[in-house]
Amino acid sequence: TRVVPVIAIDGPSASGKGTVAARVAATLGWNYLDSGALYRLTALAAQRAGVAWDDEPAVAAIAAGLDVVFAEGSIRLAGEEVEDAIRQEEISSGASQVAVLPSVRAALLFRQRAFCRAPGLVADGRDMASVVFTDAALKVFLTASVEARAERRYKQLMAKGIAARLQPLLLEMQQRDDRDRGRSVAPLQQDANASLLDTTDIPIDVAVARVLDWARAVVPDIAGAAV
Ligand code: CDP
Ligand code: CDP
């Protein structure tokens, strides 16, 4: 049996991981995993069930039992479209609170690995390289200045018609990044084998092209493909 190649893309909030990962996956015709969505869904489902985000056994049970269907541009939780609901800032914060709980992370581990199917997978998150897909063919750590990231997230939310203010957004983002970097399980950090890509001053197309160049260099299957 052949190993399914994985491209792992990690980084702080709004560094461009999701956009870059989805476009690389579409270009290669590979599967795509937005692992952050699973933490967001867990936070949303807990909130709806009246479960506090720090109630570890109850939140872990919710994570293990998530009834979710992913499709392009759509995420259904128990049949309901929640793509916009999970992007709210309150749920972003909730996601990073449930993400510190070890049994929640354990409950989501196999669900994430199940996305690893032929011909390949591009996965984005915080611990794709360090925990979930340690043997990924390519590991990328995406960053950008916090100001650039806050501005991008602000524009992204406004474009979706989700109310936001720049300054509070920047502060919340910093708080969340600190929590993600400081937690004891699977903290956000650049993996020793990850290539660093700072997108502060480069447009998204250039970031996508860079990742595709790196991928071609390490994945023989796509080296010759016209991508
Ligand atoms: O997934 P992550 O939170 O890391 O970020 P994203 O949702 O992919 O990107 C946040 C926003 O920044 C999106 O609207 C992207 O289009 C935008 N972006 C950008 O303008 N330039 C980049 N180099 C990267 C992302
Ligand atoms: O789009 P953005 O980068 O702002 O967030 P996200 O990737 O959707 O992740 C939301 C939260 O889930 C993060 O702040 C992390 O606390 C958590 N998360 C995680 O712990 N591990 C992952 N692999 C992905 C997300």
Hey, is the main chain of [Y] close enough, under 3.5 Å, to the side chain of [X] for a donor-acceptor pair?
{"X": "Arg113", "Y": "Cys116", "answer": "no"}
{"X": "Asp10", "Y": "Phe141", "answer": "no"}
{"X": "Ser103", "Y": "Pro57", "answer": "no"}
{"X": "Thr42", "Y": "Ala63", "answer": "no"}
{"X": "Arg149", "Y": "Ala14", "answer": "no"}
{"X": "Arg111", "Y": "Ala64", "answer": "yes"}
{"X": "Arg183", "Y": "Val185", "answer": "yes"}

Salt bridge flag under 4.0 Å for residues [X] and [Y]:
{"X": "Glu83", "Y": "Lys160", "result": "yes"}
{"X": "Arg210", "Y": "Asp213", "result": "no"}
{"X": "Asp34", "Y": "Lys17", "result": "no"}
{"X": "Glu172", "Y": "Arg153", "result": "no"}

Testing Arg105, Gln97, Arg126 one by one against Tyr39 for a side-chain hydrogen bond (donor to acceptor under 3.5 Å, both in side chains), which residue passes?
Arg105
Test log, rule side-chain contact (heavy atoms from CB on, under 4.5 Å), inputs Leu66 and Leu108:
CA-CA 9 Å; Leu66 281 179; Leu108 294 176; 4.3 Å; yes
Cluster overlap [X] with [Y], hydrophobic side-chain contacts below 4.5 Å:
{"X": "Ile91", "Y": "Val59", "value": "yes"}
{"X": "Val140", "Y": "Ile202", "value": "yes"}
{"X": "Phe70", "Y": "Val6", "value": "yes"}
{"X": "Leu101", "Y": "Ile86", "value": "yes"}
{"X": "Ile62", "Y": "Val82", "value": "yes"}

Run Ile162 and Gln88 through side-chain contact (heavy atoms from CB on, under 4.5 Å) and show every step you take.
CA-CA 7 Å; Ile162 300 175; Gln88 306 282 340; 3.7 Å; yes
Checking salt bridge (Lys or Arg N to Asp or Glu O under 4.0 Å) for the pair Arg23/Asp205: CA distance, chi angles, key distance, verdict?
CA-CA 9 Å; Arg23 286 179 50 177; Asp205 295 4; 3.0 Å; yes
Approximate separation, where rounding is to 0.5 Å, of [X] [atom1] and [Y] [atom2]:
{"X": "Leu169", "Y": "Gln174", "atom1": "CG", "atom2": "CD", "answer": "11.0 Å"}
{"X": "Asp198", "Y": "Ser145", "atom1": "CG", "atom2": "OG", "answer": "7.5 Å"}
{"X": "Leu188", "Y": "Arg179", "atom1": "CG", "atom2": "CZ", "answer": "13.5 Å"}
{"X": "Asp177", "Y": "Thr143", "atom1": "CG", "atom2": "OG1", "answer": "11.0 Å"}
{"X": "Glu90", "Y": "Trp53", "atom1": "CD", "atom2": "CH2", "answer": "4.5 Å"}
{"X": "Met173", "Y": "Ser13", "atom1": "CE", "atom2": "OG", "answer": "4.0 Å"}

Shortest non-hydrogen contact between [X] and [Y], atoms and distance:
{"X": "Ala58", "Y": "Val51", "result": "CB-CG1, 3.7 Å"}
{"X": "Ala129", "Y": "Lys139", "result": "O-NZ, 3.2 Å"}
{"X": "Pro187", "Y": "Ser184", "result": "CD-O, 4.0 Å"}
{"X": "Met128", "Y": "Ile9", "result": "CG-O, 4.3 Å"}
{"X": "Ser130", "Y": "Asp191", "result": "CA-OD1, 3.7 Å"}
{"X": "Ala207", "Y": "Leu197", "result": "O-CD2, 3.9 Å"}

Taking the side chain as every heavy atom from C-beta outward, state whether [X] and [Y] have any pair of such atoms under 4.5 Å apart.
{"X": "Leu28", "Y": "Ile7", "answer": "yes"}
{"X": "Phe115", "Y": "Val132", "answer": "no"}
{"X": "Gln112", "Y": "Leu121", "answer": "no"}
{"X": "Tyr32", "Y": "Val24", "answer": "no"}

Exercise: do [X] and [Y] side chains pair donor with acceptor under 3.5 Å:
{"X": "Arg40", "Y": "Ser92", "result": "yes"}
{"X": "Ser96", "Y": "Arg176", "result": "no"}
{"X": "Thr19", "Y": "Arg152", "result": "no"}

Would you please test Trp30 and Val122 for side-chain contact (heavy atoms from CB on, under 4.5 Å) and show each step?
CA-CA 7 Å; Trp30 287 13; Val122 187; 4.0 Å; yes
Does atom CD (Glu81) have a neighbourhood of more than 12 heavy atoms from anything else shown, all under 6.0 Å?
yes
